[in-house]
Structures are given as structure tokens and as C-alpha cells.
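Accompanying notes for the structure given below.
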2 protein chains.
Amino acid sequence: MHDDPIRRFRRFSRAVTTEVGALDASFLGRGRPLGAARVLNAAGKGRREVAEIRDYLGLDTGLMSRLLRSLESEGLIKLSADPQDARRRVVTLTSAGQAEFKAYEALSDEQARCVLERHKRADTLLEAMDLVATALGRDRIELKPEDPRAPAALHCLGRYYEELARRFDQGFDVSLSCDPEAGDMMPPRGLFLIAWSDDLPVGCAGLKGHGGDTAEVKRVWVAPVARGLGLARRLMAAIETAARAQGVTRLLLDTNSRLPEAVAMYRHSGWTQIARFNDDPYPDVFFEKRL
Amino acid sequence: MHDDPIRRFRRFSRAVTTEVGALDASFLGRGRPLGAARVLNAAGKGRREVAEIRDYLGLDTGLMSRLLRSLESEGLIKLSADPQDARRRVVTLTSAGQAEFKAYEALSDEQARCVLERHKRADTLLEAMDLVATALGRDRIELKPEDPRAPAALHCLGRYYEELARRFDQGFDVSLSCDPEAGDMMPPRGLFLIAWSDDLPVGCAGLKGHGGDTAEVKRVWVAPVARGLGLARRLMAAIETAARAQGVTRLLLDTNSRLPEAVAMYRHSGWTQIARFNDDPYPDVFFEKRL
DNA sequence: AAATTTAGCTGACTTTAGTCAGCTAAATTT
DNA sequence: AAATTTAGCTGACTAAAGTCAGCTAAATTT
């Protein structure tokens, strides 16, 4: 009875409605209705086009217009015409607006700090929060190309290497493995994709090409908090699509029998096991796929 | 940067505001404003006194009165005077009200089911949800006396025994240990407390007395999802207070060195290690505390 | 018994959110 | 160049939520 999944889920909903709802309500402390505060925050976070903000917050054009007017009359924002298309309008925060935005940010940060500081096991709590947030937002996970040397990419790769080191008996040292050149994992020869759940990178996959009709899939990784959401398949499918678009007809990849989930996934996704095709010391299972 | 705790906490807040907020909005599908629906739900869940519901939902008397009026005119509730105090009013659901309440429950259940069914690792997700919900609601955790044979008590004890079985090399079989009689852990001789986080039991502790001035603390357990919140100390303090009130001047307890957190906690809470005082095969560390 | 407190009701009010039709002006299509 | 589409604004509206003063009647205190 106390293990009933539905009951547990609903308990969770109640808890976050109460607690996170209370956090939201604190925005009212700055003497501005929530709607206006949300618009100011969206603008502060870099959403500059009126249509974009309206869309993001799901507002009617009339309501949006009035909210902008009220922020404008408070002297927090300035509206100007988009130079490309004078019908569209662009929001800019005035310095007072910047300050007000920062005040909201500080409020949120402070609340987060309050909750986290009281916890002896903040790391466990955050891990759980990441997992829940990723699961709830699964339909909004986006795959975006990235430079494999960008911070988010290095974050993913670092986690990936750490995990390999934990899984392999002999550990893992990337300098002993054949680490692709960044240029080989970027257009036009290749690609490096990151899966974003909101602002957290939760997975990656690389396509290493050299312009020929064979390319290699590398660095397929899904964060522990994002497993079970079918993200690896989604990343693989995107990589394959990109490979096809780049004229690749044969894909290769190497992996290791200590990663049985990965091996099983490849087997179930149309990959054929083949003989070793490189002398990298880490992999012991090799696959190919004809596109 | 992607590991910044505050950033991660705020990502969680955004995710639940979006997702759980969307679940709430579905209540509007039944053609009733959210306020009225919330009152109906509170009444359906057993909150019968108007003041209690008003307090729970944080409503003004005027607003509450109007919401009750609207539910009454819909034929969903009946209001009557409290027999003890005719100023107070009591809400009763009519059969139409019961049906409507059940429809809301079914809606919530269905939403929970939808989210959970899509997840391959629903158990991991629920574990994380329990942890987050317990952490966020930590200030609302309540200790309540319970019959040690009640379902919630058996739930806690079962989890406790499972954990002992995992921790002890030789496993744990409660029938080989000295399992207290239920009557010894109930007033007036003893006590059995459960820590409730909303409707989930997340900890327990027993006081086993026999009417004399010595009593024993038994079955102190905190659910993994509730650890790090200081619950064990809170339970112990409540047990000690109850023991004092029952005229106990000396408390005993036995534990095991395979539970080092527990041993450390007792040491830091004024307990003194003493020699073995029973022949139970499982404990190997013994404590006493003079009250 | 009188005074005070408490629980709830009512009317009059405000704020916030949101909808909708019709408008202007710029951009795009024909 | 005319017609159409698009982006946003405005006025007039509604619904929901919430506030507040003043009221009644029951209960409690003095």
C-alpha cells in the first residue's frame, strides 16, 4: 500500500506543488504581478523578441502587450522595432530592468541555497532532482550540434570517461585511446550532438568522418539521470540521419563487452558485429551498419 | 558549471513548475474553477470541518464561504452545524459530490499512471521522487503513536528487517531475535512512534516497557529516502520524553557494529556503552542512558 | 447576566489573468 | 501596384481569486 507507485507519484506532486509553489509566490514580494515578473525574467534570460517571449510563456497577444506596457511604464524595459522586420518588436532591459532581473535571480538563488544548505546529503538530493526533472521534461529534451571542445561537450565527455574508468577493470585513459580530432566531429566531415534537458547536457554522440563514404560513431553517452528514456536510440538515429546527409553509406563503431546495455542496443538497432577494425586497446566488440 | 547545485535546484523547480503545474490545470477540464475543485478534494479526503479546510488551503473566510456556496448549489456538498459547537460547520459530500470527488481522483491517478508507465525504470524514478518529496517536506514530518501491528508499522518494521538482513553477514531472521510483544510497545507500558512525511511512513522507533523504571528502545529505523534530515534524533528525543513521562529513569538499547551510523548517533546523544544485557544473537553493542 | 470572543456569512470592492474583435502598419505575395 | 498576411496594439469584456468591513449567532469569559 505504501509502495503503490501512483500513491507515491501523487505524494510527490503534492509536495512540489506546496513547496515549489511557495517559492514561486515569493516573486510577489517584489510588488509586481507574476505575469509581469515572468516576462521580465524571460527578457533577462536573453529572450529578446516579443513573439518569442509570448510563445514561451503561452500568452495572448493582448495580455503580452499590456504586460510589456506595464514594465515599460515602470522603466524596466525599452521596446524597439526589429531592424530586419519593423513589425516585430525587440525588448531591451534598461539598467533598472537589469537590476530588477538580478534581484529576481538572487531571490531564486537564495531559495535554492536555503533548501540545499540544510541538507547533509545535498549531492543525493540533487541527483534525485536531476533524475526527476529529466524524466518529467523528457519530451522537451533537444539534440543540438555542438563543438566537441565546448564546455558542455567536455562535461559530457568527462563524465563518459569517468564511467568507462569505473566499468573497465584496467580503468580508462583517454590518451591511450584514439581520441578523434575535434574537426573530424564537426561539419562538414562529422558531427557532435548534445542532448539537452533544459540547461543540463544529459547525453552526447559523435560522428567522426573524413569526407569518405565510411564514418565512425564515437562517444555515445547518456547521463545516469537520463537513462531509460530512449535517449541513446534518439542520438543514434540523429547521427545516422546526419551521416546519410553527408553521403556516408557505411558506419562503424567500437565498444566494450563491459557495457552490455550499449552492446544490446546496437544489436537491436540494425548493427552487425564484425571483426576488429582498429588497434585501440579498449574496445573488444565491433559493429558496422550499412545505410 | 553544469554541476552547480543552485543551477541544478533551479532546473528542478522549473521542470516541476511546468509539468506538475500542467497536471493541476487538467482539473479545469471538469468545468469548475480550481478553488472549488480544491475544496471538494479536501472534503473528499476527509477534512470535514470548514475551518480545517480553510486553514489547509490558506483561504480567506469570505472566499471559502463562497466556494462552499457554489459547491452546495451544485448539489455536491451539504453543510451542517457541528453538534459540539453550532458555530462551526461541517461539510458532507452528497453522493453526487462523492462521484465528482472520485472523478478528480481518477484524473490524478490517470496522470500519475501516464507518467509512470512511460518509464522503463519507474522504480528509480519513484525512489528519487520519494527522496525529493521527503526533503522538501521535511518541516512537515510528524511523529505519531501507532499500534505496532498496524499496516504502517508493519511496513516500517519490514523495511527495517530487510535492511538488517542486507547489512548482517549472517542475514537477519526476526523470529530468532527477541521481538517485543505489541502490548509492551503501547501505552501505558511503552510506545511505538511512526514518522510520517505526508502519507508515507519514513521512520519508526519503539519504547518497550514493562511498567518498571527501566525500559528499552527498539526498532529505530529511518527510511533511506529520509536520511540526513535528523529524523533519528527526533525520534529518539520523542521516545525519551515519553519514557520520562511514564516514569522510566533508565533506558537500554542494543545495536550492531554493522550499523555504524546508528552507533555513532547513540554515542553523540548521551548514551553510554555497557556490557551485553541480553542473549539476542544479533546485537553486539549495548548502550544505556540515565534519564 | 453582560461582555467578549469565535465561526462563519454577505456585500462591495480590487487585482490579476485572460479572451476577443477590430485596428494599424509593415512585409510579403500575387 | 493591389491584395494578403503578419506582428502587435487597443478597447471592451469576463472569470477567478482575493480582500475587507460589518454582520449574526453561538460559545466562552467575566
Flag for A:S70-A:R32: side-chain donor and acceptor within less than 3.5 Å:
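Their side chains do not contain a donor-acceptor pair, so the 3.5 Å distance test is not met.
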Between the side chains of B:S73 and B:R69, does any donor sit under 3.5 Å from an acceptor?
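Result is no, nothing qualifies.
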Picking from [options], which would you name as closest to the side chain of [X]?
| X | options | answer |
| --- | --- | --- |
| B:L59 | D:dG18, C:dG8, C:dA17 | D:dG18 |
| A:L63 | C:dT10, C:dG8, C:dG18 | C:dG18 |
| B:P33 | D:dC9, D:dA17, C:dT10 | D:dA17 |
| B:R87 | C:dT5, C:dG8, D:dC20 | C:dT5 |
| A:R89 | D:dC9, D:dA26, D:dA17 | D:dC9 |
| B:A51 | C:dC9, C:dT16, C:dG8 | C:dG8 |
| A:S65 | C:dG8, D:dT10, D:dG8 | D:dT10 |

Can you measure [X] atom [atom1] to [N] atom [atom2] for me and round it to whole angstrom units?
| X | N | atom1 | atom2 | value |
| --- | --- | --- | --- | --- |
| A:R88 | C:dA27 | CZ | C1' | 11 Å |
| A:F27 | C:dT16 | CZ | C1' | 17 Å |
| A:L34 | C:dG18 | CG | P | 10 Å |
| B:L57 | D:dG18 | CG | C1' | 14 Å |
| A:D60 | D:dG8 | CG | C1' | 11 Å |
| B:L79 | C:dG8 | CG | P | 10 Å |
| A:E72 | D:dG8 | CD | P | 14 Å |
| B:E52 | C:dG8 | CD | P | 11 Å |

Do B:R8 and A:D130 meet the salt-bridge criterion of a basic N to acidic O distance under 4.0 Å?
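Yes, A:D130 and B:R8 are salt-bridged.
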Pair A:R54 + A:D60, salt bridge at N-O below 4.0 Å:
no
Are any non-hydrogen side-chain atoms of A:R7 and A:H2 less than 4.5 angstrom apart?
yes
Does a side-chain N or O of B:R54 approach OP1 or OP2 of C:dG8 to a distance below 4.0 Å, or not?
yes
Closer than 4.0 Å, any side-chain N/O of B:R32 to the OP1 or OP2 of D:dA16?
no
Just wondering, are more than 12 heavy atoms of other shown residues or ligands nearer than 6.0 Å to NZ in A:K45?
yes
What is the base-pairing partner of [N], counting Watson-Crick and G-U wobble geometry with both distances under 3.5 Å?
| N | result |
| --- | --- |
| D:dT24 | C:dA7 |
| D:dC13 | C:dG18 |
| D:dT29 | C:dA2 |

Need one value for A:D85: base, sugar-phosphate or nothing, where a base atom within 4.0 Å counts as base even if backbone is also close, heavy atoms only.
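Sugar-phosphate contact only.
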Pick the closest DNA chain C nucleotide for B:R66 and for A:G62 by heavy atoms, then say which residue is nearer the 5' end.
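On the 5' side of the pair lies B:R66.
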